[in-house]
Amino acid sequence: MRNPAPNAAEPLFNNQAVSSARALPLYMQLAQHLRQLIMGGAINDQDALPAERELAERFSVSRVTVRKALQSLTDEGLLQQRQGAGTFVSAPPRVEQPLSVLTSFTEDMQSRGLTAGSVWLDRTTGTATSDEALILGLSLGERVSRLRRIRLANGVPMAIENSVVPSRFLPDPGAITGSLYDVLRTRGHIPHRALQRLSATSLSEDHAKLLDTQPGSPALHIERRTFLPTGGMLELVRSHYRGDAYDFVVELQLSAPSIPSRHDSEAGS
Ligand code: GLP
């Protein structure tokens with residue numbers, strides 16, 4: 001537990017948020033209020049919630065209502081109920097990720113004051129499959145290094161990444177203990193440009209388990225193809241990012257033909 005348990009007497013909990021005057025069942029109103037506090041960062045990951053009895057008193061509802069609200073947030077993966085210890089927040093840090101700069105996971109986390117980590121699922125070499133060979137521009141039979149890992153921010157699972165790098169750039173995947181990009185750069189293989197495709201998906205049971213969340217939770221499937229300055233492809237990465245942990249942000253600019261010219265504005269006036 002990182003922070004002391006919020007005290008039910010603190011104004012953090014707004015008892016006006018739950019009212020029998022509203023049509024929504026009380027437990028849903030309470031769940032909504034707690035969800036907003038968690039997602040808005042007012043209650044942090046690993047914070048303990050006050051005991052059921054305290055919450056019931058604070059919101060003037062029954063303990064059954066509190067229990068139902070806590071259970072629904074537990075089912076969503078936002079809370080964890082630990083036997084004998086209480087109820088704890090288990091929300092991932094929310095990361096705002098710009099889409100226009102090429103950075104590594106380690107750099108992304110460092111720039112937010114978070115510590116990047118990995119749980120290794122696979123770190124092996126093998127022959128490129130026909131799909132990998134086609135995408136990476138390899139001849140049939142060429143070797144690749146495969147890195148499969150859960151990426152962590154402050155110990156919380158954020159994404160599952162499957163990276164494939166031609167062996168001529170990375171003959172020994174065991175050399176990667178931290179940042180892949182750091183090792184590639186040190187060897188003179190600079191990730192220079194990337195194409196990234198994002199699509200919405202939901203997590204399978206296996207992926208949800210690895211990401212410590214519920215099966216069916218929203219996620220983003222991201223495929224990145226990263227190129228060297230010479231144009232050759234350096235890596236093919238297919239990953240699943242937790243939908244509740246990321247906001248992908250992109251800056252849009254008016255395209256040149258849409259900027260009204262002087263002539264257009266004069267004609268319209
Ligand atoms: C991001 C990218 C991956 C890349 C990884 C490298 O997560 N989506 O394509 O392989 O960064 O991260 P690191 O250098 O921390 O291993």
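We count ligands from 1, going down the list as the structure has it; atoms in each ligand are counted the same way.
What sits closest to atom 12 (O) of ligand 1 on the protein, heavy atoms only, is F105 N, 3.2 Å. The nearest protein atom to atom 14 (O) of ligand 1, hydrogens excluded, is given as S179 OG, 2.5 Å; this is a heavy-atom distance. Annotation: atom 15 (O) of ligand 1 to nearest protein heavy atom, T106 OG1, 2.3 Å.
Under 4.0 angstrom from ligand 1, the non-hydrogen atoms of E235 all belong to its side chain. Within the 4.0 Å heavy-atom criterion, both parts of L180, backbone and side chain, lie near ligand 1.
Below 4.0 Å from some heavy atom of R149 lie the following atoms of ligand 1, by number and element: 16 (O). Each of the following atoms of ligand 1 lies closer than 4.0 Å to a heavy atom of Y181: 4 (C), 6 (C), 9 (O), 10 (O), 14 (O). Taking a cut-off of under 4.0 Å to the non-hydrogen atoms of R151, the atoms of ligand 1 that pass are 12 (O), 13 (P), 15 (O), 16 (O). In summary, the atoms of ligand 1 found under 4.0 Å from a heavy atom of V237, numbered by their order in the structure, are 9 (O), 10 (O). Near Y241, meaning under 4.0 Å from one of its heavy atoms, ligand 1 places the atoms 7 (O), 8 (N).
Using a 4.0 Å cutoff on heavy atoms, R225 does not count as a contact of ligand 1.
For R193 and F227, the positive end sits near the middle of the six-membered ring, less than 6.0 Å away and at most 45° from its axis.
Hydrophobic clustering (ILVMFWY, side-chain heavy atoms < 4.5 Å, transitive): M233 and L170 are in distinct clusters.
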Report, one line per pair, each donor and acceptor closer than 3.5 Å where one atom sits in a side chain of residues 205-215; sequence neighbours left out.
| from | atom 1 | to | atom 2 | distance (Å) |
| --- | --- | --- | --- | --- |
| T213 | OG1 | S217 | OG | 3.4 |

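The residues D182 and R187 are annotated as not salt-bridged, no charged nitrogen and carboxylate oxygen being separated by less than 4.0 angstrom. Using a cutoff of 4.0 Å between basic side-chain nitrogens and carboxylate oxygens, R151 and E161 are scored as salt-bridged. A salt bridge is defined here as a Lys NZ or Arg NE, NH1 or NH2 lying under 4.0 Å from an Asp or Glu carboxylate O, and E57 with R63 fails to meet this definition.
Put simply, NE2 on H240 and CD1 on I160 are 7.0 Å apart, with the number rounded to the nearest 0.5 Å. The distance from atom OG of S111 to atom CD of Q97, rounded to the nearest 0.5 Å, is 8.0 Å.
The residue from M158, R238, R224 that puts a heavy atom closest to atom 2 (C) of ligand 1 is R224. Considering E223, M109, E161 only, the shortest heavy-atom separation from atom 1 (C) of ligand 1 involves E161.
The ring of Y241 has its center no closer than 6.0 angstrom to the ring center of H221.
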